Amino acid sequence: MVKRVTKTERERVQKILDLLDEHYTREYKCYLNYETPWQLLIAVILSAQCTDARVNIVTKDLFQKYHTVEAFANAEQKELENDIHSTGFYKNKAKNIILCAKRLIEVYGGEVPRTLEELTSLAGVGRKTANVIRGNIYNEPSIVVDTHVKRISRKLGFTKEEDPEKIEYDLMKVLPKEHWILYNIQIITHGRGLCTARNPKCEECFLRELCKEK
DNA sequence: CTCCCGATAT
DNA sequence: ATATCAGGAG
């Protein structure tokens with residue numbers, strides 16, 4: 001189904017974006033700690049079904065131990081599994097990180113590629129991870145659909161889809177391009193503080209009036 | 001669709 | 001005890 005956006009819908013969207021800008025940061029600063037593009041790539045791979053706080057604890061030691069992409073490419077899988085154990089899914093993540101690092105070196109000269117197609121050709125890198133890299137590293141307008149963006153975008157009536165890729169396309173039509181990267185960061189902040197998955201603090205929410213509710 | 005999976009809040 | 005966390009692959 002093709003989504004159409006009417007003028008009144010656009011005005012409602014703009015009100016929500018204004019309120020988000022008013023209450024949350026306008027910086028393209030993500031919650032995962034990193035120094036280099038490849039460090040962000042690994043941090044995002046580790047972040048699957050894991051809190052960013054946990055990932056930051058793990059990567060602090062991890063990036064002290066493995067200084068380069070080559071170090072990850074040559075890592076012993078069992079040892080890397082142990083190093084990232086607390087993030088969960090550690091066998092898949094360790095295997096993917098090693099394969100990803102090898103391909104970064106063999107195909108992309110050790111650099112993190114820029115296009116969605118190139119990024120998703122890397123092991124452990126799907127659409128969500130690729131879009132984080134495109135937005136945060138290359139400043140390319142991109143929409144990241146994670147668990148918070150999915151839940152809250154549906155509550156706000158921006159989409160009725162379940163599939164993250166379809167949600168991404170709906171949000172592209174609903175949101176002005178200048179807000180694509182920022183939206184994700186602000187919604188995560190909102191999803192962690194007020195619009196939580198379990199007991200959302202609707203009474204305290206500044207979007208209460210504009211929310212389509214459950 | 002299922003599996004991968006530990007840590008934390010409720 | 002259970003839901004949830006910056007998902008991805010087979």
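All of these numbers come straight from a predicted model, not from anything done at the bench. Quick note on labels: first sequence line is chain A, next is B, and so on, each numbered from 1.
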- Message: Is there a side-chain hydrogen bond (donor to acceptor under 3.5 Å, both in side chains) between A:E11 and A:T8? Walk through the geometry before answering.
- Response: CA-CA 5 Å; A:E11 290 172 349; A:T8 49; over 6 Å; no
- Query: If each of A:I57 and A:G88 is mapped to the nucleotide of DNA chain B with the nearest heavy atom, which maps nearer the 5' terminus, i.e. the 5' end?
  - Reply: A:G88
- Nearest-angstrom distance from the residue atom CG of A:N56 to C1' of B:dG6: 16 Å
- Query: Under the 5.5 Å and 30° test, is A:Y90 stacked on the base of B:dG6?
  - Reply: no
- Distance between the P atoms of B:dC3 and C:dA6, in whole angstroms? 24 Å
- Query: According to the 5.5 Å centroid and 30° plane-angle thresholds, does A:F89 stack upon the nucleobase of B:dC5?
  - Reply: no
- Could you check how far CG of A:L116 sits from P of C:dG8, rounded to whole Å? 11 Å
- Atom-pair distance (NE2 on A:H190; C1' on C:dC5), nearest Å: 17 Å
- Query: Counting any heavy atom closer than 4.0 Å, what does A:N199 reach on the DNA or RNA strands: base, sugar-phosphate only, or nothing?
  - Reply: sugar-phosphate
- Task: Report the residue (A:Y31 or A:T120) whose heavy-atom-nearest nucleotide on DNA chain C is the more 5′ of the two.
- Result: A:Y31
- Query: Does any N or O donor sit under 3.5 Å from an N or O acceptor when you compare the side chain of A:N92 with the base of C:dA9?
  - Reply: no
- Item | Presence of A:T51 side-chain N/O under 4.0 Å of B:dA7 phosphate oxygens OP1/OP2 | no
- Query: Quick check: does any side chain N or O of A:T196 sit under 3.5 Å from a backbone N or O of A:R192, one acting as donor and the other as acceptor?
  - Reply: no
- Whole-Å distance between B:dG6 P and A:L46 CG? 15 Å
- Name the nucleic acid region contacted by A:L122, choosing base, sugar-phosphate or nothing; use a 4.0 angstrom heavy-atom cut-off, strictly under. sugar-phosphate
- Task: Rounded off to whole Å, could you give me the CZ-to-P distance for the A:R198 and C:dA3 pair?
- Result: 8 Å
- Message: Categorize A:T196 for me: base, sugar-phosphate, or nothing, with a 4.0 angstrom heavy-atom threshold over every strand shown.
- Response: nothing
- Item | Between C1' of B:dC4 and CG of A:N96, the distance in whole Å | 10 Å
- Query: So, do A:Y24 and A:Y183 have ring centers that fall under 6.0 Å from each other?
  - Reply: no
- Query: If you look at every strand shown and take non-hydrogen atoms under 4.0 Å, does A:L32 touch a base, only sugar-phosphate, or nothing?
  - Reply: base
- Query: Separation of A:K93 atom NZ from B:dC4 atom P, in whole Å?
  - Reply: 14 Å
- Ignoring hydrogens and angles, answer whether the base of B:dA7 and the side-chain atoms of A:R54 contain a donor-acceptor pair closer than 3.5 Å. no
- Which part of the nucleic acid, if any, lies within contact of A:T147, taking any heavy atom under 4.0 Å across all strands shown: a base, the sugar-phosphate backbone alone, or nothing? sugar-phosphate
- Would you classify A:V125 as touching base, sugar-phosphate or nothing, given that sugar-phosphate means primed atoms plus P, OP1 and OP2, and contacts are heavy atoms under 4.0 Å? sugar-phosphate
- Item | Sidechain-backbone polar pair: A:R154 side chain, A:I167 backbone, donor-acceptor under 3.5 Å | no
- Hey, is A:E81 close enough to A:K95 for a salt bridge, meaning N to O under 4.0 Å? no
- Salt-bridge present (A:K160, A:D170; N to O < 4.0 Å): no
- Query: Between A:D52 (CG) and C:dA6 (P), how many Å, whole number?
  - Reply: 5 Å
